[in-house]
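One structure is given below, encoded as structure tokens.
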2 protein chains.
Amino acid sequence: MNRDAPPPTRPTIADVARAAGVHASTVSRAMDPAARHRISDAVALRVTEAAAALGYRPSALAAGLRSGRSRTVGVLVPDLTNPVFPPIVEAIEQSLAARGYVTLLANTAGDVERERLIVERMAAQGADGLILASAARGGPAVALAARLGLPLVLVNRRLPPGEDGSAISFGSDDAAGLRAAVAHLVALGHRRIAHLGGPAGTATAADRLQGFREGLAAAGLVLDAAPLAQASAYSRAAGRVAMQALLATGGFTAITTANDLLAMGAYDALEEAGIAVPGGMSVTGFNDMPLMDRVAPPLTTVRIQHATMGRLAAEALLGRLCGTEEPAESVRLVPQLVVRASTAAYASP
Amino acid sequence: MNRDAPPPTRPTIADVARAAGVHASTVSRAMDPAARHRISDAVALRVTEAAAALGYRPSALAAGLRSGRSRTVGVLVPDLTNPVFPPIVEAIEQSLAARGYVTLLANTAGDVERERLIVERMAAQGADGLILASAARGGPAVALAARLGLPLVLVNRRLPPGEDGSAISFGSDDAAGLRAAVAHLVALGHRRIAHLGGPAGTATAADRLQGFREGLAAAGLVLDAAPLAQASAYSRAAGRVAMQALLATGGFTAITTANDLLAMGAYDALEEAGIAVPGGMSVTGFNDMPLMDRVAPPLTTVRIQHATMGRLAAEALLGRLCGTEEPAESVRLVPQLVVRASTAAYASP
DNA sequence: CTGCCGTGTGCAATCGGTTGCATTTTTTGC
DNA sequence: GCAAAAAATGCAACCGATTGCACACGGCAG
């Protein structure tokens with residue numbers, strides 16, 4: 001072990017080749033599992049040992065430059081502080097790392113221009129593919145990635161019907177989740193149900209609103225009477241503002257929200273208005289983020305499989321990159337209604 | 001599926017050079033703000049226009065290979081689903097992106113072997129530097145990064161006294177936070193105070209325990225009598241287990257925890273034991289993660305400046321990478337006690 | 001008018017691997 | 001035992017940028 005390492009320069013393939021007494025190309029093949037069989041066992045062993053002795057790590061930059069595959073995947077998230085995304089990103093990173101891929105993370109912050117910049121930057125970085133987590137529907141990422149020839153997979157978001165059909169998606173059946181929430185409220189006796197929707201332009205908001213409508217229709221309730229609001233973002237603050245607007249008109253005894261954070265904002269507004277949950281108002285959320293069982297009152301919400309979505313998305317992309325596996329299909333996981341204490345039977349005034 | 005995407009090949013510097021009627025090296029200089037002044041304005045303009053017309057994006061791989069600077073920074077996190085980290089990571093990513101750097105994210109999952117693997121992989125990726133978020137004290141990352149010549153910055157973690165002195169850190173004054181929590185409980189009349197500590201081997205756990213001790217000492221309370229527990233991880237489940245153990249012996253009316261998640265676990269155990277908070281037990285947390293004001297009861301906790309820590313760490317690393325700015329100093333931000341409803345005056349039985 | 005200097009560009013080496021092809025060695029078939 | 005096929009390895013050209021150095025040109029001082 002050389003303790004006085006003046007040159008922090010890592011050993012190169014040439015060093016290993018010299019140490020093993022072979023040509024650099026032989027080292028390259030010996031290290032590559034796919035080309036390993038083209039080398040005799042004896043030489044491969046000698047190379048492996050020399051590499052280990054020198055602590056050789058091939059430069060991903062050089063390899064990527066020549067081979068065109070950088071073993072790098074870009075992950076785009078609108079807002080990492082939204083608790084929906086960390087489990088997804090973690091599952092993606094874990095799945096990618098298991099196959100030797102590195103994760104490039106970027107926040108789009110919902111900004112279209114920033115989204116474009118990030119996709120271009122990832123392409124410049126030589127990313128082999130992109131995983132797009134729930135971006136705004138109108139975002140340029142999907143089209144841009146297609147133009148740049150970057151394989152792309154969507155997660156936590158349905159494939160938009162109109163857009164490029166080459167992208168596959170891994171999400172939840174959001175409409176089914178909302179239908180279940182509405183059915184639950186109806187079963188509790190509620191007839192005048194409102195919906196606090198997600199921000200315009202997001203696929204999730206549209207799907208959940210659609211599910212809400214279907215739920216009402218299935219129960220034979222009139223759609224037109226249902227109070228609707230649209231939050232400006234998937235955030236607690238936006239949920240509070242939207243709920244305040246809804247309360248100003250009133251006329252409902254229960255509300256479904258498009259997202260747990262929005263539900264928390266609704267809690268805030270209800271508290272300010274002096275309305276008890278669930279006594280004066282039943283509330284449902286969506287996502288079942290951590291701690292939703294510990295808030296006051298524990299939130300009835302729709303649980304989705306974040307980690308599974310992330311894992312499937314990563315594996316699908318990897319399969320597409322390797323090209324060995326048959327192309328994966330889009331998947332819509334089934335969400336599950338989790339009943340807690342924020343919903344209660346309708347009490348006639 | 002459009003398989004007839006003819007040239008998914010991005011334009012290279014040679015294409016731009018040809019289009020502008022200059023040599024590739026001239027293009028390189030014209031695109032580099034630092035070398036821009038060595039080129040005549042007329043040529044620079046021609047190059048810029050040609051580049052824009054072709055939609056040229058320099059390959060970061062090639063540039064990195066030659067220049068040794070990849071404009072890439074690795075961020076290591078133990079567990080992204082711990083709500084402490086997303087705000088930190090987001091702030092880091094934002095600061096890096098603003099200066100044209102790309103973020104490589106990896107989860108160490110607290111695993112030492114995985115940590116080593118990740119650092120090596122990031123080095124192989126040509127990362128220019130590393131930001132290490134609160135890793136276990138004994139982890140190999142700091143030493144390994146030093147050996148590989150990778151600049152490293154710590155965030156949410158104090159510089160370990162014994163270890164390599166070249167790393168700078170951006171964290172909170174954890175001990176001060178715990179001292180404040182203890183002082184608050186003492187002011188409420190509590191005399192028998194317990195501490196639910198973080199996992200062994202983490203710097204944060206040690207600092208917070210130390211602050212707890214200092215707080216007791218400052219109030220003139222006996223250290224030996226204080227019940228102590230150590231959670232096996234910073235998680236709600238581990239907090240619950242540790243709290244159950246503490247309750248088995250009892251003898252305290254208030255407890256400080258090393259982390260909000262641990263406090264949530266403590267809530268769970270207390271609920272199971274039929275002990276009311278704060279009626280039967282006062283509880284404090286640490287971090288003030290989102291929603292701590294909405295849990296039941298709202299948690300008295302120590303707020304730290306996650307985003308600021310992340311931003312400072314990123315900027316310090318960038319400053320070190322550019323070498324232009326004077327080397328940054330380690331910073332310990334001052335935490336703030338946020339009093340809510342999980343603590344109440346001691347009621348003699 | 002010469003020589004020197006500064007400025008703006010071009011030239012070509014280089015970063016560290018990968019890979020098609022050539023060449024050598026070994027194995028196989030008859 | 002020899003030719004042909006197969007396996008193992010070497011050779012050298014890349015990938016796409018950066019950068020030290022050389023060179024051409026024009027201006028300026030002596």
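Below, read A as the first sequence line, B as the second, and so on, with proteins coming before strands; counting in each chain starts at 1.
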Round to a whole Å and report the spacing from [atom1] of [X] to [atom2] of [N].
X: His37(A); N: dA6(D); atom1: NE2; atom2: C1'; answer: 12 Å
X: Arg66(A); N: dA13(D); atom1: CZ; atom2: P; answer: 12 Å
X: Arg46(A); N: dA8(D); atom1: CZ; atom2: C1'; answer: 12 Å
X: Ile13(B); N: dT19(D); atom1: CD1; atom2: P; answer: 11 Å
X: Met31(B); N: dT18(D); atom1: CE; atom2: P; answer: 9 Å
X: Gln125(A); N: dG16(D); atom1: CD; atom2: P; answer: 16 Å
X: Ile39(A); N: dG10(D); atom1: CD1; atom2: C1'; answer: 10 Å
X: His23(A); N: dA13(D); atom1: NE2; atom2: C1'; answer: 11 Å

Original post:
Where each residue is assigned the nucleotide of DNA chain D containing its nearest heavy atom, which of Arg38(B) and Gly64(B) is assigned the position nearer the 5′ end?
Top reply: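 This one resolves to Gly64(B).
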Original post:
Is any side-chain nitrogen or oxygen of Thr26(A) closer than 4.0 Å to OP1 or OP2 of dT9(D)?
Top reply: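 For dT9(D), neither OP1 nor OP2 has a side-chain N or O of Thr26(A) closer than 4.0 Å.
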Original post:
According to a strict under-4.0 Å criterion, is Tyr56(B) in side-chain N/O contact with OP1 or OP2 of dG16(D)?
Top reply: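 The answer is no; no side-chain N or O of Tyr56(B) sits under 4.0 Å from OP1 or OP2.
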Subject >> Base dG10(D) to side chain Arg29(A), donor-acceptor N/O within 3.5 Å cut-off >> reply: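 Yes, the side chain and the base share a sub-3.5 Å donor-acceptor pair.
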Subject >> Base of dC15(D) paired with side chain of Ser59(B) (donor-acceptor, under 3.5 Å) >> reply: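 Between dC15(D) and Ser59(B), which were checked side chain against base, a qualifying N/O pair under 3.5 Å is absent.
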Could [X] and [Y] be called an ion pair, given the rule that one side-chain N must be under 4.0 Å from one carboxylate O?
X: Glu49(A); Y: Arg46(A); answer: no
X: Asp32(B); Y: Arg29(B); answer: no
X: Arg36(A); Y: Asp41(A); answer: yes

Original post:
Any donor and acceptor pair, going by atom type alone, linking the side chain of Asp128(A) with main-chain N or O of Val73(A) inside 3.5 Å?
Top reply: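 Such a contact is absent between Asp128(A) side chain and Val73(A) backbone.
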Subject >> Terminal contacting nucleotides, 5' and 3', DNA chain C versus chain B (heavy atom, 4.0 Å) >> reply: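 Reading along DNA chain C, I get dG8(C) to dG16(C).
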**OP:** Indicate, with a heavy-atom threshold strictly under 4.0 Å, whether Ser25(A) touches base, sugar-phosphate, or nothing.
**Re:**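 If one applies the 4.0 Å heavy-atom cut-off, Ser25(A) turns out to touch a base.
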Original post:
Checking all strands, does Val27(A) fall into the base, sugar-phosphate, or nothing category for heavy-atom contacts under 4.0 angstrom?
Top reply: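 Since no nucleic acid heavy atom lies under 4.0 Å of Val27(A), the category is nothing.
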**OP:** Taking all non-hydrogen atoms of both residues into account, name the closest pair between Arg311(B) and Ala91(B) and its distance.
**Re:**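 Answer, listing the atom of Arg311(B) first, then Ala91(B): N-CB, 3.9 Å.
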**OP:** Could you say whether Ala42(B) or Ala14(A) is positioned toward the 5' end of DNA chain C, judged by the nucleotide with the nearest heavy atom to each?
**Re:**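 Counting from the 5' end, the first nearest nucleotide belongs to Ala42(B).
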Subject >> Within-4.5 Å side-chain heavy-atom neighbours: Asn107(A) and Arg114(A) >> reply: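 Yes, at least one pair of side-chain atoms sits under 4.5 Å.
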Subject >> Option from Leu312(B), Ile168(B), Leu318(B) for which side chain to side chain contact (heavy atoms under 4.5 Å, CB included) with Val153(B) holds >> reply: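 Exactly one candidate clears the test, Ile168(B).
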